[in-house]
Amino acid sequence: MNPTRAEIDFTKLAFNVEQIKHHIHRGQQKKKIKICGVVKANAYGHGIDQVSKKLVDLGVDFLGVANYDEAIRLRKLIPNTQILVFGTLVHSKLEPEKYVSILHEHKLTATVASFDTAKFLNEYSTKFRNKFKIHIKVDTGMRRIGLDYKRAYRNILQVAALKNLEIEGIFTHFAASELKNKSFSKLQLSRFNDLLNELRKAGLEFPIVHAANSGAVLDLKDSYFNMVRPGLLLYGYYPGNGIRNKIKLKPIMNLKSKVTYIKKVDKGESISYGRKFFTKKPVFIGSVPIGYGDGYSRLLTNKSKTLINKKFYRQVGSVTMDWIMVELGSSHKVKIGDDVLLMGEENRFKLGADKIAGICGMIPYEPLCAVADRVERIYLNG
Ligand SMILES: Cc1ncc(COP(=O)(O)O)c(C=O)c1O
């Protein structure tokens with residue numbers, strides 16, 4: 001009913017996945033590199049359920065989520081694809097046996113970023129026929145979570161000795177792969193490779209090795225190993241400006257609403273809260289029911305544009321919780337009920353999350369993740 005909605009086009013998602021597949025296999029036709037589609041944070045605001053199902057249809061091998069709540073929700077919909085939980089196990093209100101049995105039941109793959117987590121999972125997995133699948137996270141420079149690369153060797157050997165765990169994978173995460181200058185990413189990569197070599201000498205090899213997030217997928221081929229973990233690229237955006245030309249992408253979300261009210265305002269009147277905009281002449285003002293309560297940031301106040309009938313109109317006055325106002329000029333052809341594009345692309349008209357983020361001093365991830373629950377997601381070409 002509410003005219004504000006996010007239209008998500010699965011043809012464009014399929015296009016982006018194809019672009020990624022083609023790019024990572026360029027020059028290495030014989031080697032199959034798996035894709036872990038990152039769908040955490042409600043698939044970057046696009047809707048975790050529908051996007052994940054589609055990604056599985058499109059041949060993605062793993063789904064990556066931030067925490068166990070996201071993973072359990074996803075498993076109810078997606079019976080077979082492996083779900084890797086990037087986050088750590090946090091204390092639960094449940095008894096440990098119950099907690100670990102839920103993780104087993106849902107066939108989740110855990111990240112192990114400390115020996116304590118490994119011990120915990122091992123201890124409470126004794127009664128299960130299948131070993132608990134884990135991927136070991138190595139901190140090579142992100143300094144968020146992970147076994148410190150300098151000390152990881154001993155810890156990993158200890159983890160490998162635990163009877164109820166299966167170390168299926170090992171991975172690291174880049175801190176600055178979105179930059180054109182890849183020197184820190186290369187340093188992280190060499191730390192990771194050194195560790196893998198040491199472990200290999202000790203007889204430890206891992207079926208799945210992964211490191212590349214979107215920035216590295218674009219232009220750090222040596223980091224692909226046998227799985228990559230793109231997030232932002234799937235949704236049609238580049239993580240950094242210096243590395244845009246590597247593949248073509250299509251933003252998959254168009255955030256839209258409708259003009260629902262039009263009025264004429266005299267010269268010198270103020271528009272919206274705080275009186276941050278005054279009309280310079282008599283103009284028509286259109287009101288559009290989207291605001292910061294929908295994820296349209298208040299930082300856009302007086303700074304953004306909207307697209308109506310293939311023409312840009314500027315947004316004027318403070319963004320409010322539920323409305324923005326747009327200046328339609330002293331004469332116009334806009335009608336109540338006309339569509340308004342707030343974020344996304346239509347033909348050659350670009351109003352992407354990267355542009356919105358640029359105005360707000362954000363990164364493109366933020367305006368996408370910010371799209372609120374109350375905004376209906378509509379899936380096109382499903
Ligand atoms: C562990 C991990 N891998 C991969 C990604 C995907 O990152 P991006 O969206 O930059 O591709 C993320 C997201 O931050 C992450 O936390």
Side-chain angles (χ1 to χ4, degrees), residues 13 16-17 19-21 23-24 33-46 48 51-52 55 60-68 70-71 82-89 108-113 117 134-147 149 169-180 182 184-185 188-189 192 208-221 223-244 246-247 249 251-253 352-354 357 362-370:
L13 179 64
N16 297 338
V17 169
Q19 289 289 305
I20 294 168
K21 279 188 189 166
H23 179 71
I24 59 178
I33 298 165
K34 291 179 193 291
I35 295 181
C36 171
V38 180
V39 293
K40 58 189 182 148
N42 199 26
Y44 292 38
H46 295 73
I48 187 168
V51 168
S52 300
L55 286 174
V60 154
D61 308 273
F62 268 69
L63 295 166
V65 296
N67 60 48
Y68 286 89
E70 289 178 343
Q82 251 181 278
I83 301 175
L84 174 60
V85 185
F86 296 147
T88 51
L89 278 162
L108 303 181
T109 306
T111 288
V112 161
T117 305
I134 60 165
H135 285 212
I136 291 177
K137 174 86 178 272
V138 182
D139 182 358
T140 55
M142 174 72 180
R143 297 299 180 230
R144 188 164 65 176
I145 61 167
L147 299 171
Y149 72 98
I170 187 164
F171 70 112
T172 192
H173 189 51
F174 291 115
S177 66
E178 75 283 9
L179 302 180
K180 196 170 166 61
K182 288 288 186 291
F184 191 65
S185 300
Q188 284 190 264
L189 193 55
F192 190 47
I208 307 180
V209 182
H210 48 114
N213 54 358
S214 289
V217 166
L218 285 179
D219 68 350
L220 193 56
K221 252 192 174 357
S223 70
Y224 293 171
F225 300 98
N226 57 2
M227 184 158 89
V228 296
R229 300 190 311 271
L232 193 67
L233 294 180
L234 297 172
Y235 308 106
Y237 292 99
Y238 305 89
N241 285 329
I243 48 177
R244 283 174 165 266
K246 302 285 167 176
I247 60 175
L249 295 171
I252 72 169
M253 181 199 288
D354 46 352
M362 294 174 176
I363 52 174
Y365 302 72
E366 292 181 77
L368 296 173
C369 288

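The residues of the chain are indexed from 1 along the displayed sequence. Everything quoted here is computed from the prediction, not taken from an experiment. Heavy atoms only: backbone and side chains are in, while hydrogens, waters and symmetry mates are out. Order of appearance sets the numbers: ligands from 1, and atoms from 1 within every ligand.
For Phe192 and Phe225, the gap between ring centers is short of 6.0 Å.
Remark: ligand 1 and Ser214 share an N or O pair separated by less than 3.5 Å (distance only, no angle test). Backbone and side-chain nitrogen or oxygen atoms of Pro239 are examined, and none is located within less than 3.5 angstrom of a nitrogen or oxygen of ligand 1.
Atom CG of Leu218 sits about 9.5 Å away from atom CG of Asn213, to the nearest 0.5 Å. Between the OG1 atom of Thr172 and the OH atom of Tyr149 there is a distance of 11.0 Å, given to the nearest 0.5 Å. Atom CG in Leu233 sits 5.0 Å away from atom CD1 in Ile247 (nearest 0.5 Å).
Heavy-atom proximity to Lys40, at under 4.0 Å, picks out these atoms of ligand 1: 12 (C), 13 (C), 14 (O), 15 (C), 16 (O). Within ligand 1, counting atoms from 1 as listed, the ones closer than 4.0 Å to a heavy atom of Arg144 are 16 (O). Near Gly231, meaning under 4.0 Å from one of its heavy atoms, ligand 1 places the atoms 6 (C), 8 (P), 9 (O), 11 (O). Of all atoms in ligand 1, numbered sequentially from 1 with element shown, those under 4.0 Å from a heavy atom of Leu232 are 8 (P), 9 (O), 11 (O). In the vicinity of Tyr44, heavy-atom distances shorter than 4.0 Å reach the ligand 1 atoms 6 (C), 7 (O), 8 (P), 9 (O), 13 (C).
With hydrogens and angles disregarded, no donor-acceptor distance shorter than 3.5 Å links the side chain of Glu366 to the backbone of Ala357.
When Tyr238, Phe86, Tyr365 are checked for heavy-atom proximity to atom 10 (O) of ligand 1, Tyr365 turns out nearest.
Note: Phe171 and His135 have perpendicular aromatic rings, judged against thresholds of 30 and 60 degrees for the angle between ring planes.
At a heavy-atom cutoff of 4.0 Å, ligand 1 is contacted by the side chain of His173 but not by its backbone. Using a 4.0 Å cut-off between heavy atoms, Glu178 makes no contact with ligand 1 at all. Counting heavy atoms closer than 4.0 Å to ligand 1, residue Pro230 contributes backbone atoms (N, CA, C, O) but none from C-beta onward.
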Q. Is there a side chain to side chain contact (heavy atoms under 4.5 Å, CB included) between Leu179 and Phe184 once you walk through the steps?
A. CA-CA 9 Å; Leu179 302 180; Phe184 191 65; over 6 Å; no

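Scanning all protein heavy atoms for the shortest distance to atom 3 (N) of ligand 1 gives Arg229 NE, 2.8 Å.
Heavy-atom contacts from other residues, nucleotides or ligands closer than 6.0 Å to NZ of Lys221 number more than 12.
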